[in-house]
Amino acid sequence: MVRKDCHSTQLIDGNGEFNVSGLDEFMKSVKLAELGLSYAVVAIMGPQSSGKSTLLNHLFHTDFREMDAFKGRSQTTKGIWIANAVGIEPCTIVMDLEGTDGRERGEDDTAFEKQSALFALAVSDILLINMWCHDIGREQAANKPLLKTVFQVMMRLFSPRKTTLLFVIRDKTKTPLEHLEPVLREDIQKIWDAVSKPQAHKDTPLSEFFNVEVTALSSYEEREEQFKEQVTQLRQRFFHSIAPGGLAGDRQGVVPASGFSFSAQQIWKVIKENRDLDLPAHKVMVATVRCEEIANDVLSRLTSDEGWLALGEAIESGPVSGFGKMISSIIGTYLSEYDMEALYFDEGVRKAKRQELESKALKLVHPAYVTMLGHLRSKTLESFKIRLEQSLLRGEGFSSSVRNCNQACMLEFDQSCADAAVQQSNWDASKVREKLRRDIEAHASSLRSAKLSETIVHFEKQLGQALAAPVESLLEAGEKDTWASIRRLLKRETEAAVSGFSASVTGFELDQSTFDKMVQNLRHYARSVVEKKAREESGKVLLRMKDRFSTVFNRDNDSMPRLWTGKEDIRTITKDARSASLKLLSVLAAIRLDEEPDKVENVLLSSLMDGTVGVPSSPYRIIGDSADPLASRSWEEVPPENTLITPIQCKSLWRQFKAETEYSITQAISAQEAYKRSNNWLPPPWAILAMVVLGFNEFMLLLRNPLYLMVLFVIFLLMKALWVQMDIAGEFRHGTLAGILSILSRFLPTFMNLLRRLAEEAQGHPTPEAPRPPPQSLVSPSFRNQTQQQDLISRTQQQDLISSSVHDSSVSSNISSTESGIEYSSPQLTHRRVVNVE
């Protein structure tokens, strides 16, 4: 009868080939891998055709092939077959071994018998030995070679586990079992004693290796019903066989069900290679392989876990709250699965593989943990920057703000690291924490430097604005107390800037040496502003001198344009203008910020105003002892670094200055002479006296003859009219030659026009006369003087324009023209001025 719940397959064929795929399929069918240690293995040995398969089919409800007695007695089971017992708890695996002493293999071919017997002993918990009742007590019985085979292969198992040997006596006779069992046990002991044993087990009793049980069954062919009843009773002994006190109570070294297939394969492989089977080592080996397989499977499932994948993607974009708990939960879940599957394997191997699995799992999630720490570090650093900025905006001190924000942010980072910590790991976040600390310090230091630099730049800018324009104005004025005023200005503005700077950097908690250095740099900057402006002004000294000269020379004390009426002392005015320009040169010749007295002004006045400026043969020759105080490259009592214009340069500048202002003086003299000529129409006194002496006779003639006097009067009137019409006085203002040429060219037309009008008036048809300027004779002297003064004023303004236009010319300058301007340079001091040319 075929049972639906029974699954069977050939485990090892007659040639000794192991059916790996068949065993795997069998395990899937009976779900053996899920049972852990809750299973038992039962095998049966016995002579061929002794009813082994029949017994197993009735005892475990299996479907092994049975011998057909009507077809003769022959070999039915070849190799080793395996099936699951039906209706027995726990799950029981039944193995039906090929019978011994079969004629098919022959008398000498016992190798497979021993191999199968050793395999059955190594794999099974209960070994049924099927034997005939009539063989008990016989010396040459068929069961003795079988027992010898069992005991001999037993010696090849290192540290074998205790196996239950259940002797099933078949075809029991009327002899009671109580009499048969002692005889059987005695025969078994004799066989055990006769088997050669290793030295270590020479005196080991049989009970150390086997639990011997004996049962008897009636003949299946003669007493079938009684046989079935006895088998049913025997079947009850296999329920809960692995429980303490059960038929298979000794469970030491049992391989978990999930490793049964691999264990059976390896055991048969060792047996086939005719090597001794070390069961403890085999147990470790099976545990190693299976635990590694379980660990790899668990790790594979962890790698593809949706929760872990989602968490890995989320961590790439930013920190994840509860990261540590989620990772710990995921890893803990899969470690628990490993523990459940590998629970029954060797403890040492199981723990070692668990540690490897845990290490691999942690290695898998470690990059995410590092990324998480990186996010936390970046987040904390940004938080520090924001907090520090807000703290500074509230007006708190920089150093105290850095300390408070640093403390708060590091505490926040530590809490976040604790939240991100994975329970199964001992990862240390100290390196990331140290990097965060360095980043915070670097940012604070950078911001501190930036803030200090910003503060310094602010006060430097303030100093520059406070000093540049006033210093330029003072230097341009060039008064005697210019440098004293500059020193007072510098001290006042510097002290104000230092006071403000000190108040601004209080929150930075600078050490005294750093603070003093910064203040000193600020003072140096203020001084450098003055020095820079002084050097800029010294570069324009020639222009300043000419402007000063033009101002003093062309304007009076009331700053009104000067009129060259002939009363002015041009020599004195020129001396005063040059003296003023020379004072300006002395002011710009050296920097005087240290209140050290010098003789620059005295030397310049004595050498240039009172002395004669010579032309040296070479401006670059070495000058030794000389009477000329300007024949030197430095000033007495003035350090070289404070020298703006050297004495030699001053000498050269003065020579150039005099050459370029000479034209203004010449123009003034010419204007003065022209004014004198325009206001003096009478001949010299000697000419008047000569005219009186030489013309006395003619005068007396006129007095004696009144007609001559009338003619002279008419001629006078005619000449007066011509004078007025031709504006002879105006013509001569532009020069004698020009006046003569103009009068000659206009005389005849004017004279003819005058005669025509007289004729018309005589006829009574006067023509309208074009308006003409009033005759000079009819203009009051005051009006005439006013007109002359206006002419002189306009002439003076022209002279000012001419003098300003020649400021850029120089007798001793090298002049070069470009498209947009003119460049000039002197031997000792180079200037550049650009004049737009249209």
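These numbers come from the heavy atoms of this one structure, side chains and all, not from hydrogens, waters or symmetry mates.
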Are [X] and [Y] close enough that a side-chain donor and a side-chain acceptor fall under 3.5 Å?
{"X": "S336", "Y": "D339", "value": "no"}
{"X": "R535", "Y": "S538", "value": "no"}
{"X": "Q520", "Y": "D516", "value": "no"}

Can any side-chain N or O of [X] pair as donor or acceptor with the backbone N or O of [Y] at less than 3.5 Å?
{"X": "T494", "Y": "K491", "result": "no"}
{"X": "S453", "Y": "S449", "result": "yes"}
{"X": "R433", "Y": "M410", "result": "no"}
{"X": "T646", "Y": "Q649", "result": "yes"}
{"X": "S499", "Y": "A496", "result": "no"}
{"X": "D556", "Y": "S559", "result": "yes"}
{"X": "T661", "Y": "F657", "result": "yes"}
{"X": "R487", "Y": "R592", "result": "yes"}
{"X": "R562", "Y": "F553", "result": "yes"}

Q. Please, which pairs that meet salt bridge (charged side-chain N to carboxylate O under 4.0 Å, His left out) have at least one residue in residues 294-313, sequence neighbours excluded?
A.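 Passing the test, one end in residues 294-313: D297-R301, R301-E337, R301-E341.
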[atom1] of [X] to [atom2] of [Y]: how many Å apart, nearest 0.5 Å?
{"X": "F459", "Y": "N521", "atom1": "CZ", "atom2": "CG", "result": "15.0 Å"}
{"X": "K517", "Y": "L510", "atom1": "NZ", "atom2": "CG", "result": "12.5 Å"}
{"X": "S473", "Y": "E476", "atom1": "OG", "atom2": "CD", "result": "6.5 Å"}
{"X": "N404", "Y": "S399", "atom1": "CG", "atom2": "OG", "result": "10.5 Å"}
{"X": "R350", "Y": "I294", "atom1": "CZ", "atom2": "CD1", "result": "10.0 Å"}
{"X": "S550", "Y": "L543", "atom1": "OG", "atom2": "CG", "result": "12.0 Å"}

Side-chain contact test, heavy atoms from C-beta onward, threshold under 4.5 Å: evaluate it for [X] versus [Y] and give yes or no.
{"X": "F398", "Y": "S391", "answer": "no"}
{"X": "L604", "Y": "C650", "answer": "yes"}
{"X": "Q462", "Y": "E493", "answer": "no"}
{"X": "K583", "Y": "E479", "answer": "no"}
{"X": "T380", "Y": "F384", "answer": "no"}
{"X": "N642", "Y": "D594", "answer": "yes"}
{"X": "I648", "Y": "L630", "answer": "no"}
{"X": "K451", "Y": "R448", "answer": "no"}

Between [X] and [Y] (salt bridge meaning N to carboxylate O under 4.0 Å), is one present in this structure?
{"X": "R578", "Y": "E662", "answer": "yes"}
{"X": "E389", "Y": "K385", "answer": "no"}
{"X": "E441", "Y": "R438", "answer": "no"}
{"X": "E358", "Y": "R354", "answer": "yes"}
{"X": "K540", "Y": "E537", "answer": "yes"}

Looking at [X], I'd like to know if its [atom1] atom is crowded, meaning that more than 12 non-hydrogen atoms belonging to other residues, nucleotides or ligands lie closer than 6.0 Å.
{"X": "E636", "atom1": "CD", "result": "no"}
{"X": "K533", "atom1": "NZ", "result": "yes"}
{"X": "Q423", "atom1": "CD", "result": "no"}
{"X": "E641", "atom1": "CD", "result": "yes"}
{"X": "E536", "atom1": "CD", "result": "yes"}
{"X": "K379", "atom1": "NZ", "result": "no"}
{"X": "D511", "atom1": "CG", "result": "yes"}

Between [X] and [Y], which heavy-atom pair has the shortest distance, and what is it?
{"X": "W654", "Y": "M545", "result": "CE3-CE, 3.8 Å"}
{"X": "A534", "Y": "W483", "result": "CB-CH2, 3.9 Å"}
{"X": "L582", "Y": "L608", "result": "CD1-CD1, 3.4 Å"}
{"X": "T506", "Y": "A503", "result": "OG1-O, 3.3 Å"}
{"X": "S328", "Y": "A421", "result": "OG-O, 4.1 Å"}
{"X": "S401", "Y": "L392", "result": "OG-CD2, 4.2 Å"}

Q) salt bridge (Lys or Arg N to Asp or Glu O under 4.0 Å) between E495 and R523: does it pass, once the steps are laid out? A) CA-CA 9 Å; E495 293 302 325; R523 293 183 185 275; 2.9 Å; yes
Q: Run the numbers on M560 and R555 for side-chain contact (heavy atoms from CB on, under 4.5 Å), then give the verdict.
A: CA-CA 5 Å; M560 297 297 294; R555 295 183 181 274; 5.8 Å; no
Q. Can you check side-chain contact (heavy atoms from CB on, under 4.5 Å) on I486 and L475, steps first, answer last?
A. CA-CA 9 Å; I486 290 176; L475 290 174; 3.7 Å; yes
Q) Which residues pass the ring-ring contact (aromatic ring centres under 6.0 Å, His included) test with Y334, sequence neighbours left out? A)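 For Y334 there are no ring-ring contact (aromatic ring centres under 6.0 Å, His included) partners, ignoring immediate neighbours.
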(Q) Under the criterion salt bridge (Lys or Arg N to Asp or Glu O under 4.0 Å), I'd like the reasoning laid out for K431 against E434: C-alpha separation, chi angles, the key distance, then a yes or no. (A) CA-CA 5 Å; K431 291 184 178 180; E434 180 63 20; over 6 Å; no
**Q.** Option passing salt bridge (Lys or Arg N to Asp or Glu O under 4.0 Å) with R387 (candidates E396, E382, E412)
**A.**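 The residue from E396, E382, E412 that satisfies salt bridge (Lys or Arg N to Asp or Glu O under 4.0 Å) with R387 turns out to be E412.
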Ignoring hydrogens and angles, write down the donor-acceptor pairs under 3.5 Å from the side chains of residues 362-375, residues two or more places apart or on other chains.
residue	atom	partner	partner atom	Å
T371	OG1	P367	O	2.8
H375	NE2	I315	O	2.6

